[in-house]
Amino acid sequence: MRQDSLAAEDPLVDLFLDLARIPSPTGHERSVVDFLTTRLRGLGLEVEEGEALYPESGSSAGNLYCRLAGSVPGIPIMLSAHSDTVPYEDEALPDPVFEDGVLRSRSRSVLGADDKAALAAIVYALEQVIHNSLPQAGIELLLTVGEEGGLRGAKISNVESMAAECGFCLDSTGPVGGVIVRSPWQKTVSAEFIGKSAHAGVVPEEGRNAVAAAARAVAAMKLGRLDDETTANIGVIKGGEAANVVPDRCAILGEARSHNQDKLEKQVSAMIEAINLAAAGEEVDVELKVVDEFHGFDFSQGGLPIDLAERAFKRAGIETRRTSTGGGSDVNVFNLMGLDCVNLATGMEKVHTPDEYISAESLHQMNAFILALVEVARA
Ligand SMILES: [Zn+2]
């Protein structure tokens, strides 16, 4: 039977639709954070909001933190998801629809299942825990803002002061049951070559060509997939003004990632060396910047969050599998801050595009997983 958008008659799907209808691109999370706060306070929970991340935006909000004290001994856990989405194409507003068991957007906007599917599953599970007085060993929620803007909410979060012994971020693509055990370390590399401009036809010898230096640097770099755990890329090159001017400025922007920190250091050093040699060769100056974009993690040998997640999936009757990712998310930041966290697949697909979708079944599987997790965390 075809089910239509407004009356899903499924409280979890309804909750997701409510969340998905509220626009919340990074920096404009105010309305969705208010919605979540009201819903959590309605459960009798205390909710704290951190400092607004983009105060200049006018609709900014902060991370939400909320704790349910444990009623039985066991392992206190943290559940996390982010409330922002990527920006909407052509500023189209979200128009979520539920058809044939699948949630998608009718507009050019993303659906926002990344990461509102996780928000819905977490909040709904918490409602079930409270309404049914399910015994639990302590549950903390950390619902971040600014994830899509460079994990900025996570970076100012308070995970160090949380009671949780481990955490679960629900923020990866792929079928529910996917446990992301490895994520790479990443650094960005940027360089601005500064030469000297001159008329290219009249006095080229007086010029110092910044574009030639950048080209030489990029040509000397090993890029692409360097081995099974390391990648590198130059994604931006910008410089010059006219065909008849020796260009005095050219900037390049790139990155390197590896699951192995030594390999990452080696690759970044090689990129820096290529940049410096090229600058020297073209007799231009160079300003270099290397930024630690995110720290990786590796739970491929196991660990508390992996153990609990796999036991919970088993209990919920959901097939589980370990995977690794080439990307970063809030979970990288939490691990760096000292809370062992694992990222989990939520069933969302084609994220960051207007074709994004998720099935109601995935929402229910996530919900079942969280309830099973609460059970296995009990002593
Ligand atoms: Zn996400």
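Below, all heavy atoms of this structure are taken into account, side chains as well, without hydrogens, waters or symmetry copies. FYI, the numbering just counts along the sequence from 1. Order of appearance sets the numbers: ligands from 1, and atoms from 1 within every ligand.
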Those residues at least two apart in sequence (or on a different chain) that pass ring-ring contact (aromatic ring centres under 6.0 Å, His included) with F299 are F297
* To do: Answer yes or no: does atom CD of E319 have more than 12 heavy-atom neighbours from other residues, nucleotides or ligands under 6.0 Å?
  => no
- Mutual orientation of the aromatic rings belonging to F168 and F369 [parallel < 30°, tilted 30-60°, perpendicular > 60°]: perpendicular
Across all chains, not counting sequence neighbours, the ring-ring contact (aromatic ring centres under 6.0 Å, His included) partners of F294 are none
min-distance N/O/S atom, D114 vs the Zn ion (ligand 1), resolves to OD1
For the Zn ion (ligand 1), angle spanned by D171 OD1 and H82 NE2 (nearest 10°) is 100°
| query | Checking only N/O/S atoms, does E147 have one that is under 2.8 Å from the Zn ion (ligand 1)? | reply | no
